[in-house]
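Okay, structure first, notes after.
Throughout, protein chains are lettered first and strands after them, A, B, ... in sequence-line order, and every chain is numbered starting at 1.
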There are 2 protein chains.
Amino acid sequence: MALEHAILVSLLEKPGSGYELARRFDRSIGYFWTATHQQIYRVLKRMETDGLLAVREVAQQGRPDKKEYSVADPGRAALSDWLHEPIEPESLRHDLAVKIRGAAFDDPAALVREVERHRRAHGDRLARYLAGEQRDFTGPEAPAPLDAGQELQHVVLRGGIAYERMTIAWLDDVLATVHRLAAPRPRA
Amino acid sequence: MALEHAILVSLLEKPGSGYELARRFDRSIGYFWTATHQQIYRVLKRMETDGLLAVREVAQQGRPDKKEYSVADPGRAALSDWLHEPIEPESLRHDLAVKIRGAAFDDPAALVREVERHRRAHGDRLARYLAGEQRDFTGPEAPAPLDAGQELQHVVLRGGIAYERMTIAWLDDVLATVHRLAAPRPRA
DNA sequence: CTTGTCTATGCAACAAGGTGCATAGAAGGA
DNA sequence: TCCTTCTATGCACCTTGTTGCATAGACAAG
C-alpha cells in the first residue's frame with residue numbers, strides 16, 4: 001500500500017493533521033497520488049495504532065481543534081524498508097483510451113466533445129503546475145539555493161508537467177485523427 | 001467500472017474467450033488498461049448473467065474447449081450509454097514519485113538502482129510498442145489503407161509510445177538530478 | 001509414466017478505494 | 001436567528017482489484 005508511504009513522506013516533510021494532508025493530496029502530492037479524506041483518516045488511524053505515527057492534540061483559535069501527526073521511529077524504519085524493496089513499474093489505467101477505441105462502434109461526435117473536455121482539464125492542470133513551479137522553485141520568491149528535498153520535489157513536479165504536456169499533445173493528435181476520419185468523404 | 005467497457009470494446013473488435021481476452025490485456029489493451037484473468041472471468045460471468053454478452057461453447061482440437069463470448073444488443077447499448085456520459089480526467093498513481101521524494105530521508109543509492117530498473121522496463125515497453133506499431137500499422141505487412149477502427153487503435157498506441165518516451169526522459173532527468181545532488185561536494 | 005508447459009476456467013479470502021452520510025465548532029452574512 | 005461556508009473528523013457500505021489456490025485437457029520431453 002503506497003498511500004501509507006506517501007503519508008509517511010509527506011509527514012516527514014512536515015507534520016500535519018488529516019485535514020491538512022487531504023489538502024496536500026489536492027496539491028503537491030496530487031501530482032502523482034490522489035486520496036480522499038476518508039481514506040486518509042482511515043489509514044492515519046491504522047498507522048497510529050501500528051505505532052508508525054505519533055499524535056498530538058492541538059488546540060486552535062477560530063477553528064476546531066486538530067490532531068497533528070508526525071512520524072515515529074518505527075514509521076521511519078517502515079519507509080526505509082519500502083524504499084529499499086523494488087516495486088513494479090506502474091501501468092496506465094486510461095478510461096479515455098477505452099472510449100477512443102469504442103468510438104469505432106458509436107458516434108464520433110460524442111468522443112470529440114469528451115476529448116475536448118479532457119484537453120481543457122489537462123490544460124488547466126498544466127497551468128496550475130507551472131504556477132506552482134514558479135512559486136516554489138524557479139520564481140524570484142523561491143528559496144535561492146534549493147536543498148536536496150526541494151530539488152527532489154522539483155524533479156517530481158517536472159514529471160507532472162511533462163506528463164500534462166505529453167497528454168495535451170496526444171489529445172490533439174486524437175482530435176486530428178478523428179477529424180481526418182470524418183472529413184475525407186463528406187458526401188460518401 | 002471501465003473494465004466492463006474495455007471488455008465490451010475488445011469483444012466488439014473481435015469475439016473471444018476469457019483466456020484470449022486475458023492475453024489481449026497483456027498486449028494491445030494493455031497499453032492503457034491491465035487486468036488479471038481472475039478479474040476477467042468474474043466480470044465476464046456477471047456480464048453474461050446481466051445479458052450484456054452471449055456465450056457459445058466451442059470445441060477445439062488439441063486443446064480444451066472454450067467459451068466464446070460476443071456482445072449482445074444490451075451490451076452494445078450499455079457501451080453506447082457509457083460513451084455518451086462524461087468521465088473524470090484520470091489522475092496518476094505513481095509509486096516511484098513517492099520513492100523519489102522519500103529519498104530525501106534515506107539512501108539515494110537505493111533510489112538510483114530503482115530508477116535505473118524502471119528506466120530499463122520502460123525502454124523495453126517502448127521497444128515492444130514500436131515493434132507492434134510496425135507490425136500492425138506502419139510496416140509493409142500492415143493493411144494498406146487502415147479502417148476507422150484501426151486508425152483509432154493506432155492513435156491509442158501512439159499515446160502509449162508518447163507516454164513511454166516521456167517517462168524515459170523524465171527518469172533520465174531524475175537520475176541527473178540525483179547525481180547532481182551527490183556530486184558537487186564529495187568532501188563536504 | 002512422470003514431469004512440465006500451455007490452454008482454459010474458476011473459487012475464496014483479503015486489501016484497497018470510493019460514495020454517501022453524519023457530526024461539530026467557528027465565522028460571516030441575510 | 002438561520003443559513004452557509006470552512007475547518008475538522010469519522011462510520012458504514014459497496015465496488016474493485018489482488019493473491020493464492022485448485023482443476024483439467026492436451027501435448028512434448030525425458
Separation of C:dG17 atom C1' from A:Arg93 atom CZ, nearest Å, is 12 Å
The answer to which of A:Gly62 and A:Thr34 contacts DNA chain C further toward the 5' end, by nearest nucleotide, is A:Thr34
| said: I'd like to know whether the aromatic ring centres of B:His94 and B:Trp170 sit less than 6.0 Å apart in this structure. | reply: yes
Counting primed atoms, P, OP1 and OP2 as sugar-phosphate and everything else as base, the B/S/- map of nucleotides 1-12 of chain D against protein heavy atoms under 4.0 Å is ------BBBBBB
The nucleotide from C:dG17, D:dT16, D:dT19 with an atom nearest the side chain of B:Arg46 is D:dT16
Taken to the nearest whole Å, CG/A:Asp95 to P/C:dG18 is 12 Å
Check: Backbone N or O of B:Ser91 within a donor-acceptor pair of the A:Trp33 side chain at under 3.5 Å?
Finding: no
note: B:Glu4, atom CD; D:dG17, atom P; distance rounded to Å ~ 11 Å
Original post:
Across the strands shown, which category fits A:Gln39 at heavy-atom distances under 4.0 angstrom: base, sugar-phosphate, nothing?
Top reply: sugar-phosphate
Is A:Arg125 reaching over with its side chain to a backbone N or O of A:Gly160, donor-acceptor style, under 3.5 angstrom? no
- [ ] Would you tell me whether A:Arg158 and B:Thr177 have side-chain atoms, one donor and one acceptor, within less than 3.5 Å of each other?
- [x] yes
Between B:Gln61 and B:Ala2, whichever has its closest DNA chain D nucleotide further toward 5' is B:Ala2
- Does the side chain of B:Ser70 pick up a donor-acceptor pair with the side chain of B:Arg56 at under 3.5 Å? no
Taking atom types as modelled and ignoring hydrogens, do the side chains of A:His84 and B:Asp106 form a donor-acceptor contact shorter than 3.5 angstrom? yes
